[in-house]
*Asks:* 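The structure that follows is given in the form of C-alpha cells.
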Number of protein chains: 4
Amino acid sequence: MNTFGRYFRCTMFGESHGPALGVVVDGCPPEVPFGTEHLKPLMERRRPGKSPLSTPRDEADEVEILSGIFQGETTGMPVAMIVRNRDAQSSAYDTLRDTARPGHADLAYHQKYGYRDHRGGGRSSGRETVSRVMAGALAMQVLATRGITIDSRVCEVGGETDPDRFAEVILRAKGEHDSVGGILEVTATGCPPGLGAPAAGKLDAELGHAMFSIGAVKGVEIGSGFAAARMRGSEHNDPITSAGYVSNNAGGILGGISTGAPIVVRIAVKPTPSIAQPQQTVTMDLKDTMVTVEGRHDSCIVPRIGVVAESMLALVLTEALCEQTIVQGFRSRSG
Amino acid sequence: MNTFGRYFRCTMFGESHGPALGVVVDGCPPEVPFGTEHLKPLMERRRPGKSPLSTPRDEADEVEILSGIFQGETTGMPVAMIVRNRDAQSSAYDTLRDTARPGHADLAYHQKYGYRDHRGGGRSSGRETVSRVMAGALAMQVLATRGITIDSRVCEVGGETDPDRFAEVILRAKGEHDSVGGILEVTATGCPPGLGAPAAGKLDAELGHAMFSIGAVKGVEIGSGFAAARMRGSEHNDPITSAGYVSNNAGGILGGISTGAPIVVRIAVKPTPSIAQPQQTVTMDLKDTMVTVEGRHDSCIVPRIGVVAESMLALVLTEALCEQTIVQGFRSRSG
Amino acid sequence: MNTFGRYFRCTMFGESHGPALGVVVDGCPPEVPFGTEHLKPLMERRRPGKSPLSTPRDEADEVEILSGIFQGETTGMPVAMIVRNRDAQSSAYDTLRDTARPGHADLAYHQKYGYRDHRGGGRSSGRETVSRVMAGALAMQVLATRGITIDSRVCEVGGETDPDRFAEVILRAKGEHDSVGGILEVTATGCPPGLGAPAAGKLDAELGHAMFSIGAVKGVEIGSGFAAARMRGSEHNDPITSAGYVSNNAGGILGGISTGAPIVVRIAVKPTPSIAQPQQTVTMDLKDTMVTVEGRHDSCIVPRIGVVAESMLALVLTEALCEQTIVQGFRSRSG
Amino acid sequence: MNTFGRYFRCTMFGESHGPALGVVVDGCPPEVPFGTEHLKPLMERRRPGKSPLSTPRDEADEVEILSGIFQGETTGMPVAMIVRNRDAQSSAYDTLRDTARPGHADLAYHQKYGYRDHRGGGRSSGRETVSRVMAGALAMQVLATRGITIDSRVCEVGGETDPDRFAEVILRAKGEHDSVGGILEVTATGCPPGLGAPAAGKLDAELGHAMFSIGAVKGVEIGSGFAAARMRGSEHNDPITSAGYVSNNAGGILGGISTGAPIVVRIAVKPTPSIAQPQQTVTMDLKDTMVTVEGRHDSCIVPRIGVVAESMLALVLTEALCEQTIVQGFRSRSG
C-alpha cells in the first residue's frame, strides 16, 4: 500500500537503484502556487552527499513535475513528480545478493515477495523518502494558504542532548564503524481547531500512522507522550482559559481533534543498521553466515529525517484540512 | 472516518448515550467459526461495573449479531454487531451542557461540529471501544485459523511497575479525587513472516495508527522503542541465525514487514481526564469558568484498555493477513 | 465490498432472512435535519405487500436509527439505521436448499463462498435494497440543503410504453406464471455545475457503478444513451447559450462533470427470475435437475425499483457534493 | 479521483499537452512477467496518427517503466509507467482560450476549477487513455497467469453494422466536417466463477463504473442489456445444465458474481464532439459566441476505443481476481 490519504492522496513509487522515484498527489485543491522553487529547499535538506556526516552518494535530486501544474499553480488535477536515480552504484551490492543484512528488510522482503532487489534495498531503502518530501512540499504550500507552518528540531543524538555535540557523537560512531540514533520533535503552528475526525480519522492516529511509516522510527509520542503514563490527571489536564490552553500536554490534540494549540510530535529513530562491522546473519536460503555492510551509508540519519517527518506531518494536516473543509462548507451553508 | 482497514474493513458507530453502539465488519473471509461465545470473554474484560477499580456504570454489553453469520460460521457477507446502551444516566451530564471538560474532546467537537452531544462525550467517549472489541473478537477468530495469538499485560500504573501494587495506586488516586495512567504491552505470537507492505502499508505504521486511535494513548513504541534512540547500531541490530532472530529489538517488524518473531507494542495511557476536582476551563462560548467532573468514572482505565489494544492489534494483523493472502495466492499459482 | 462512496460512505449489511438489514452512513455533514419522518415515505414506496402487483411478503420496514442523530439533526457522527426482518418464511425455501435457481446468484455464491444461505437468497436478495433506501433518504436530505431534487418514472414495462397499461401487462405475466422487466428514468434537477472529478471520479462513471449495483439492472444510459451511437456530432453536441444548454443529449454531464442541466439516467431492468414454471437447472453439486420457484415474488419489480434508483442517484450526488465542497472551500479562501 | 481499484490500484495522471502522462499500479502481485514487449502491441492499437481515419497527431507513445519491474518480472512494488507528450501543438488551441467547445468538458472544468488548461482539453482529453492502456497491459499479464483473455469488436459505426462499410461511413462524415459514434462489444473468456462481491463490489457495477469512466461513453449494457427490459422471465433466465449455462443473457454475471460463462459488455460511444463546423456556444464568462473546432481530430474514435475498453475490463477483472484470491486462500486453509 503506497498511498497515503483519502482526500489528499499521495501515491509513491520507486526503488533505490531503479530508474526513478516519484509521487502522484491526487485531490490537491486548485489555485495553490507550486513549482520547483518550493521543492528545492526541502529536497536539499534531505539530499545526501552534502556533509561528512551523511552518505557520500551524490544525487542532485532534481524534481521534474509531469502534470497538474499550469502557469505556476495547481489545477486540481493529479500532480506527478519524479526524481531520477543517477549515482546508484549497484555493483557495490553484488556481495549482498544472497545475504540478509541485519536490521534491514532484506529477509522479510525475500520471504514475502519471493526474490529481492538486492541493489540498495530496493523499495525498502530510505531513498524512498524523496517521494515523501516532494509530496510534503506541495502539502506545505496548501497549508501555507491557511497560515499553518511546520518545523522540526533534533532533540537527541546517540543519547546526547546538547546540539553542539551532535556532530562529535556521530563522527565518533562513524570512526568506530558504528551508528547512532536519536529523537526528533516536529511541530505545527497556526492549526485551526477542528482538524481530525472520530475513530480511524483521529489526528493523532493519522500522525502515528505517518510517523511509523518512516523507516527506522521505533517510537512516537504526542504532547506529553510516555511521561503522561506517570502523571496524575490533575497534573496532565491542560487548563483552558478564554485566552487559550494554559499548558500543552495534549500536544494540540484532544479526542483526535486539533485544539488550536501547537501540534507536537516526537519520534525515536533507531541507529542506522548498515554498519561496517562483521555481523551474524543468514543467507536467503537460511544458512548461517557473517556480513560486513560496506558501501556509502549515513552513520546517523536523524538530521536528514527532519524534513521527512515534517513532510509527513504536512500530509496528515492537509488531509485533515480537506475533511474539515467539507464539514465547514456545509455548516456555513446550512446556518 | 470510522472505518479501519482496506481488506478487512471495520466500520464503527455509536455514542455513549445513544440507542446503541456497533460495528460492521466487511471483507471477513467465509467459514470462520464465530458466535456470541467468542465475544463474551472479551466483552467481559472491557465491561465496566465489575470492580471497585472501574466505573460503576453497569452495562451487560450483550452483543446481538445482525448479519453475516449462518450456522455458526461467517459467510463472507458483512458481519454487523450491536450493543444497546442501557444504564446511560444522561441527566448526570446536564450541568456540563455548556462547559468544556479539560482533557476531553468537548470543546474541539463543539468547535468542529457546531454543537455537542453533552451526554457523556457522545462519540468521543471511551464507550465507543465496545465496537473495537466486537470487531477484535472476530479478527481473533480469523487469526486463530492461522495459529496467531494475542496477549497483553499492564507494565506500569501511575509510575509503579510492581503489579501487586497497581490496585493500591489506583485506589489512592481515587481517594484523592484524582486519576493515574500507565503503560501496556501488547504482543502477537505465531505471526508468519511477510505481514505488511511498503510505505503506507507498513505493519508498524498500521499499528501506530491503530494504537493512537484509542482514546488516552499518548505514546506508542515498537520493540526497543525510545530506547533505540540511545543505542548503537551494533547493539540494536538483531543478529539472525538459521534458528531465528537472536534478539528482538525490532519488535518483530523490519522494513514494515513481519519477521516471524513476536510482535511487541507498548502504549502510554494518560490519566483519565474526568476528575472530581475543581478545574479551570471555559464555557462553549469561551467564557472562563470552573468545573468539577462528577459522575461515574474510572480512576485508571489502563486495565480495561488491555482488551481494546489487543483488539486493535488483531484488526491490524487480520488486515495484513488478507493482503498477504493475495501475494501468496498468486505466487503459489505462478511458481 | 459493501461500502459506497469515499467521502459520504454508506456501508450496508444484512440478509433477506437474517435478523436485520442496515446501513451505516459515515461522513455525513452535521446539522442536516433527519428523522423517521424523512425515511417513511421512501421506505413505503419500496415496501412489499402493498398491492396485488408486488410480493405479499408483508414487512412494516420500520427504521430504527441507532446513532448519529441528536435533537433531530445529524451530528457529523456515523448514522446507523436498521430494519428488522419479521415476515421471513424461511421454510418456504427448504426445497431450494440444494438447487440453483436460474437467473439468481445461488450457484455463483455457492461456488465462491462455499455454502449458501438458501433462505431467500441471503445477501443477494433484492431485500438488501432497504439499506440503499435508508441511506438514500439521508442523502436526499443533504441534497435538499442545496435545492437538488430527485425523481423517477417508469418508461416501459414488458415493452409497453403506455403507463395506463402497465398493471395489465404485469398481471397478464403473473397469470402466466411469468414475469416482465422494464425501463426506468431517474433525474436530478437543481444540480450545480461542477459535480464530479476526472477519471475514476467522473459523475457518469459513479452513476454507472451505482445503477449496475442494483440487482436486475442490465443496462444504463445517460442522456442520449445508445441513441448517441447513431447520431452525428453536429446533431449530438448540445449548443450552449448564455441562457444555458439548448438541448440535453449530454444528460447533464460533460467530461464527467455536471453542467447544471438536469441529470438524466435510464436503466434497463430484467424480468424477475423467480417464476413458477419448471426450469432446467442444477443442484449445488452440479447434477441436472428441474426447479419451479414457488413462494412470494413480484412479477415485475420495476415500479418498486424506482425509489432504489433514486436513492442511488442521491448517494452519487451527495458524494460529488462533498468532493466539490473541498474544491470550492479552497477556492473561496485563496481568491 | 484518479485511482481505479482497491486491491489492484491504478492511479493515473497527465494532461494532453503537459510533459507526460502516466500511471502507477500498486498492489500488483509479484512474479508476473512484464516489459515493454507487452505494452507495445496495445499502445500501438490506441496510438493516433496511424491511418487516414484517425487524428494525424503523431505520438510514438513509447512507454518508460520507472519502477516495480526487476529482471523482467513484477516485484510486488508499485509499477510506474510514463509516456512523454511530443507532438503537442498547443498553439493550435490559442483561439479556444476563452471559448467553450460544445460537447466538451471545457465549461464544466472552468466552472469547477476556476480556470482551464485550454491546450487540448488538459486532463479531460481522450489522450488520458494512454494511462489506461498501460495499466491494462499489466492487468492482462496478470489475467494471463489464470488463462483469462480479453477481446473486443466494433458492432456499429454511425448506425452501420456491416464492418466492410465502417471506413466509408467515417470518411463520409469527415468529408462533411462531421463525426460519427458507434457501439463496441468487449468480452472476457476463461473467467472462473466467483469474481465479484456483493453490493458495491458487484462485477457488473465495477464494469459500469469502468466503462462510463471512458470519455464519450453514453450507454453500457451487460449480456442482454436493454433488450432484457422487453423479455419475459421464462425467456431471459439462462437454463443451467451440468455442462454449463445454455444461453448467456446474463453476460456471465449473476448477482454481481461471475458464473464462468463469457463476460459480455457493450458500450455506446457518442460522435466525437470536435467538428469543423460553426457551433453555437459561449465564452468562459458566459457570453454568446460561435466556434469552429479546427485542429487534428478523429472523426470517429470507436476503433481506437476498443483497446481502452479492453484495458478497463482487464482492470476490473484483475481487481476481482485479487479479492477472490483472499476468499479462496482462506477457504483452502480452513477446509
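Lettering follows sequence order; numbering is per chain, from 1.
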*Asks:* What part of C:Ile82 gets closer than 4.5 Å to chain B, counting heavy atoms only: side chain, backbone, both or neither?
*Replies:* side chain
*Asks:* Say you draw a straight line from CD of C:Glu15 to OG1 of B:Thr75; how long is it, rounded to the nearest 0.5 Å?
*Replies:* 5.5 Å
*Asks:* On a heavy-atom basis, which atom in B:Pro19 and which in C:Ile65 lie closest, and how many Å separate them?
*Replies:* CG-O, 3.6 Å
*Asks:* Taking side chain as everything from C-beta outward and backbone as N, CA, C, O, which of these in C:Met12 sits under 4.5 Å from a heavy atom of chain B? Side chain, backbone, both or neither.
*Replies:* backbone
*Asks:* Using the test salt bridge (charged side-chain N to carboxylate O under 4.0 Å, His left out), find all partners of C:Arg9 that sit at least two apart in sequence or belong to another chain.
*Replies:* C:Asp26
*Asks:* So do the side chains of C:Ser67 and B:Arg123 get within less than 4.5 Å of each other, counting heavy atoms only?
*Replies:* no
*Asks:* Name the option with the most non-hydrogen atom pairs under 4.5 Å to chain B; the candidates are C:Thr74, C:Val24, C:Asn2.
*Replies:* C:Asn2
*Asks:* List, one per line, each side-chain donor-acceptor pair under 3.5 Å for residues 210-217 of chain C, sequence neighbours excluded.
*Replies:*
unit_1   : atom_1 : unit_2   : atom_2 : d
C:Ser213 : OG     : C:Arg132 : NH1    : 2.7
C:Ser213 : OG     : C:Ala210 : O      : 2.7

*Asks:* Between C:Glu64 and chain B, which part of the residue has a heavy atom less than 4.5 Å away: side chain, backbone, both or neither?
*Replies:* side chain
*Asks:* So do the side chains of C:Tyr109 and B:Met77 get within less than 4.5 Å of each other, counting heavy atoms only?
*Replies:* yes
